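I have placed the structure first, in the form of structure tokens, so that the comments after it can refer back to it.
Please read all numbers here as calculations on a predicted model, not as lab measurements. We name chains A, B, ... by the order of the sequence lines, and we start the count at 1 in each one.
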Amino acid sequence: NAGVMQNPRHLVRRRGQEARLRCSPMKGHSHVYWYRQLPEEGLKFMVYLQKENIIDESGMPKERFSAEFPKEGPSILRIQQVVRGDSAAYFCASNRALVGGTDTQYFGPGTRLTVL
Amino acid sequence: AQSVAQPEDQVNVAEGNPLTVKCTYSVSGNPYLFWYVQYPNRGLQFLLKYITGDNLVKGSYGFEAEFNKSQTSFHLKKPSALVSDSALYFCAVRDLTGTASKLTFGTGTRLQVTL
């Protein structure tokens with residue numbers, strides 16, 4: 001059973017460009033989470049999605065950032081007009097839909113975004 | 001709001017000695033607690049979790065953690081450390097308020113095991 005897949009693993013963008021990060025959850029998982037890890041810091045929650053629905057986007061910056069999880073295909077985290085402060089590792093996690101929220105989130109290898 | 005504190009930025013231990021990585025938490029309801037490990041330039045790997053039941057939880061690679069409700073702690077332990085255990089360890093708590101089930105992470109503790 002393949003784990004959470006993320007691509008690309010490394011992404012370099014110049015200021016003002018767009019970055020698109022992709023995440024394919026584990027087979028059988030219908031919940032996807034995006035987290036951001038700044039250098040030398042812990043992970044910070046960004047957004048929680050189910051198929052075709054954003055459940056919680058309380059951690060998303062108000063501008064330039066968006067996320068989707070379409071009926072078919074991977075989840076996409078999109079950053080428009082990137083700035084140097086967006087440089088970070090972006091991790092996707094997924095889990096099943098268990099009652100009570102006790103299921104474990106499994107993480108992908110991350111996408112390391114560098115903004116020049 | 002929930003939070004997690006990992007009071008030590010780094011823990012140093014000699015191989016073969018026991019190790020402890022500390023974690024304390026704050027939640028309004030029942031805590032769902034997790035430990036993850038991160039190796040350089042890699043994602044997070046799940047080690048163990050506490051949901052309910054026995055306060056001593058056993059996980060992967062010989063790690064275990066003890067849930068202490070009165071001290072609001074969930075310290076990670078291993079009886080005999082290995083050099084290969086050297087990595088960054090994160091404690092996390094599950095937030096179940098409203099419709100969210102996100103994880104709130106501590107800042108991480110770097111474990112260095114030396115020969």
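Residues of residues 62-70 of chain B never come closer than 4.5 Å to chain A when only heavy atoms are counted. At a heavy-atom cut-off of under 4.5 Å, chain A is reached by no residue from residues 15-24 of chain B.
Within a 6.0 Å radius of CD in Q81(A), no more than 12 heavy atoms belonging to other residues, nucleotides or ligands are found. For E63(A), the CD atom is loosely surrounded, since the number of other residues' heavy atoms within 6.0 Å does not exceed 12. Summarising the local packing, OH of Y61(B) is surrounded by 12 or fewer heavy atoms from other residues, nucleotides or ligands at distances under 6.0 Å. Within 6.0 Å of the CE atom in M5(A), the count of heavy atoms belonging to other residues, nucleotides or ligands does not exceed 12.
Clustering ILVMFWY residues whenever any of their side-chain heavy atoms sit less than 4.5 angstrom apart, transitively, puts I51(B) in the very cluster that holds F46(B). The cluster map of Ile, Leu, Val, Met, Phe, Trp and Tyr, joined by side-chain heavy atoms under 4.5 Å apart, puts L77(A) and V82(A) in the same cluster. L33(B) and W35(B) fall within the same hydrophobic cluster, where Ile, Leu, Val, Met, Phe, Trp and Tyr residues are linked whenever their side-chain heavy atoms come under 4.5 Å apart, directly or through other members. Residues L44(B) and Y32(B) share a hydrophobic cluster, clusters being chains of Ile/Leu/Val/Met/Phe/Trp/Tyr side chains in contact below 4.5 Å. With hydrophobic clusters built from ILVMFWY side chains whose heavy atoms lie under 4.5 angstrom apart, L49(A) shares a cluster with I79(A).
Looking at R94(B), its side chain never comes within 3.5 Å of a backbone N or O of T104(A) through a donor-acceptor pair.
In this structure, no portion of Q6(A) lies under 4.5 Å from any heavy atom of chain B. For Q6(B), no part sits under 4.5 Å from any heavy atom of chain A, backbone or side chain.
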Inset, instruction - Starting from the C-alpha separation in whole Å, work towards a yes-or-no answer on side chain to side chain contact (heavy atoms under 4.5 Å, CB included) for Y36(B) and L43(A). - result: CA-CA 11 Å; Y36(B) 288 84; L43(A) 278 74; over 6 Å; no
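Between F105(B) atom CZ and Q37(A) atom CD the span is 9.0 Å, to the nearest 0.5 Å.
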